[in-house]
S.K.: 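One structure coming up, written as structure tokens, with questions to follow.
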Amino acid sequence: MRKSHTSTIILLAASGIIMLIAVFILRATLFSPSRQAQHIVNEFYTYEQDANFTGSWELLHPLMKERWNKTTYITDRAHVFMGHFGVETFEYTIEEIGKVDEWKMAKDLPTLKEVYKFYVIQSYKGKYGKFSFSQEVYVVNTEDSWQILWDYN
């Protein structure tokens, strides 16, 4: 009887340890900075895919928002992609390039630290046939949230 009780305790302890290790690994991979940055890129392009340019504009870094006001951004994105190209939506792929220790959006702007770089390809089917756009996308964690930047160098 005592041997069975000891075996149960050992099995429960081992199960608990395995469970803790699994939670730690999941937390480290699912909530890593790299994963969070990629999530924001995915969220941004999902908004763009749905023509929700207000939503995508909100994910831009303040340095990006200085380039255009909200109305201009929304109007331009809708006009160019939906108007000129005659598309309603697109597919996209995201490839993580990695972490950049220091990066500048443009030569005359401040250096940002710990920036994640992604390569995004948007594929369209429009009135002019099939075409794709590729773009380097950068993501930085500010005090408030993860935000999108593009390279203007």
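Just the heavy atoms: all of them, side chains too, but no hydrogens, waters or symmetry mates, feed the values below.
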S.K.: I'd like to check the side chain to side chain donor-acceptor pair (under 3.5 Å) partners of S34; sequence neighbours left out, ordered by chain and number.
M.R.: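 Testing S34 for side chain to side chain donor-acceptor pair (under 3.5 Å), a comparison that skips the adjacent residues, returns E96.
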S.K.: Please name all residues satisfying salt bridge (charged side-chain N to carboxylate O under 4.0 Å, His left out) with K70, sequence neighbours left out, ordered by chain then number.
M.R.: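 Scan of K70 (salt bridge (charged side-chain N to carboxylate O under 4.0 Å, His left out), adjacent residues dropped) gives E58.
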S.K.: How would you list, by chain and number, every residue that makes a side chain to side chain donor-acceptor pair (under 3.5 Å) with Y128, sequence neighbours excluded?
M.R.: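 Listed in chain order: nothing, the list is empty.
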S.K.: Mind listing the closest non-hydrogen atom pair of L59 and I40 along with its distance?
M.R.: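 Residues L59 and I40, closest heavy atoms: CD1-O, 4.1 Å.
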S.K.: Side chains of residues 108-115: which donor-acceptor partners sit under 3.5 Å, not counting sequence neighbours?
M.R.:
unit_1: K113; atom_1: NZ; unit_2: E102; atom_2: OE2; d: 2.7

S.K.: Enumerate donor-acceptor pairs with a distance under 3.5 Å from any side-chain N or O in residues 79-88 to protein atoms, sequence neighbours excluded.
M.R.:
unit_1: H79; atom_1: NE2; unit_2: H84; atom_2: NE2; d: 3.0

S.K.: For E136, what residues pass the salt bridge (charged side-chain N to carboxylate O under 4.0 Å, His left out) criterion, not counting sequence neighbours?
M.R.: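 Result, salt bridge (charged side-chain N to carboxylate O under 4.0 Å, His left out) vs E136: K117.
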S.K.: To the nearest 0.5 Å, tell me how far Q122 CD sits from I94 CD1.
M.R.: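 These two atoms lie 10.0 Å from each other.
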S.K.: Between N69 (side chain) and T71 (backbone), is there a donor-acceptor pair under 3.5 Å?
M.R.: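 Confirmed, N69 side chain pairs with T71 backbone.
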S.K.: Under 3.5 Å, which donor-acceptor pairs do the side chains of residues 42-49 form with other protein atoms, sequence neighbours left out?
M.R.:
unit_1: N42; atom_1: OD1; unit_2: Y92; atom_2: OH; d: 2.4
unit_1: E43; atom_1: OE2; unit_2: Y47; atom_2: OH; d: 3.3
unit_1: Y45; atom_1: OH; unit_2: Q135; atom_2: OE1; d: 3.4
unit_1: T46; atom_1: OG1; unit_2: N42; atom_2: O; d: 2.8
unit_1: T46; atom_1: OG1; unit_2: Y92; atom_2: OH; d: 3.0
unit_1: E48; atom_1: OE1; unit_2: R77; atom_2: NE; d: 2.9
unit_1: E48; atom_1: OE1; unit_2: R77; atom_2: NH2; d: 2.5
unit_1: E48; atom_1: OE2; unit_2: S56; atom_2: OG; d: 2.5
unit_1: E48; atom_1: OE2; unit_2: Y73; atom_2: OH; d: 2.8
unit_1: Q49; atom_1: NE2; unit_2: F90; atom_2: O; d: 2.6

S.K.: Decide yes or no for W68 and I74: does some side-chain heavy atom of the first lie under 4.5 Å from some side-chain heavy atom of the second?
M.R.: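 A side-chain contact under 4.5 Å is absent here.
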S.K.: Please list every donor-acceptor pair under 3.5 Å in which a side-chain atom of residues 145-153 meets a protein atom from a residue at least two apart or in another chain.
M.R.:
unit_1: W146; atom_1: NE1; unit_2: Q36; atom_2: OE1; d: 2.8
unit_1: D151; atom_1: OD1; unit_2: N153; atom_2: N; d: 2.8
unit_1: D151; atom_1: OD1; unit_2: N153; atom_2: ND2; d: 3.0
unit_1: N153; atom_1: OD1; unit_2: K107; atom_2: N; d: 3.0
unit_1: N153; atom_1: ND2; unit_2: K104; atom_2: O; d: 2.8

S.K.: Considering residues at least two apart in sequence or located in another chain, which fulfil the side chain to side chain donor-acceptor pair (under 3.5 Å) criterion with T93?
M.R.: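 So T93 forms no side chain to side chain donor-acceptor pair (under 3.5 Å) with any residue.
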S.K.: Side-chain heavy atoms under 4.5 Å apart, restricted to Ile/Leu/Val/Met/Phe/Trp/Tyr: what other residues fall into the cluster of I121, or is it alone?
M.R.: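 The other cluster members (ILVMFWY side chains, heavy atoms under 4.5 Å, direct or chained) are I97, Y119.
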S.K.: Which is it for Q38 and F118 under the side-chain contact (heavy atoms from CB on, under 4.5 Å) test, yes or no, and what are the steps along the way?
M.R.: CA-CA 8 Å; Q38 185 169 359; F118 298 89; 3.6 Å; yes
S.K.: Could you tell me whether the side chain of P33 reaches within less than 4.5 Å of the side chain of Y116, counting heavy atoms only?
M.R.: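 Of all side-chain heavy-atom pairs linking P33 with Y116, at least one is under 4.5 Å.
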S.K.: The criterion is side chain to side chain donor-acceptor pair (under 3.5 Å); which residues satisfy it with K65, sequence neighbours excluded?
M.R.: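 Applying side chain to side chain donor-acceptor pair (under 3.5 Å) to K65 gives none.
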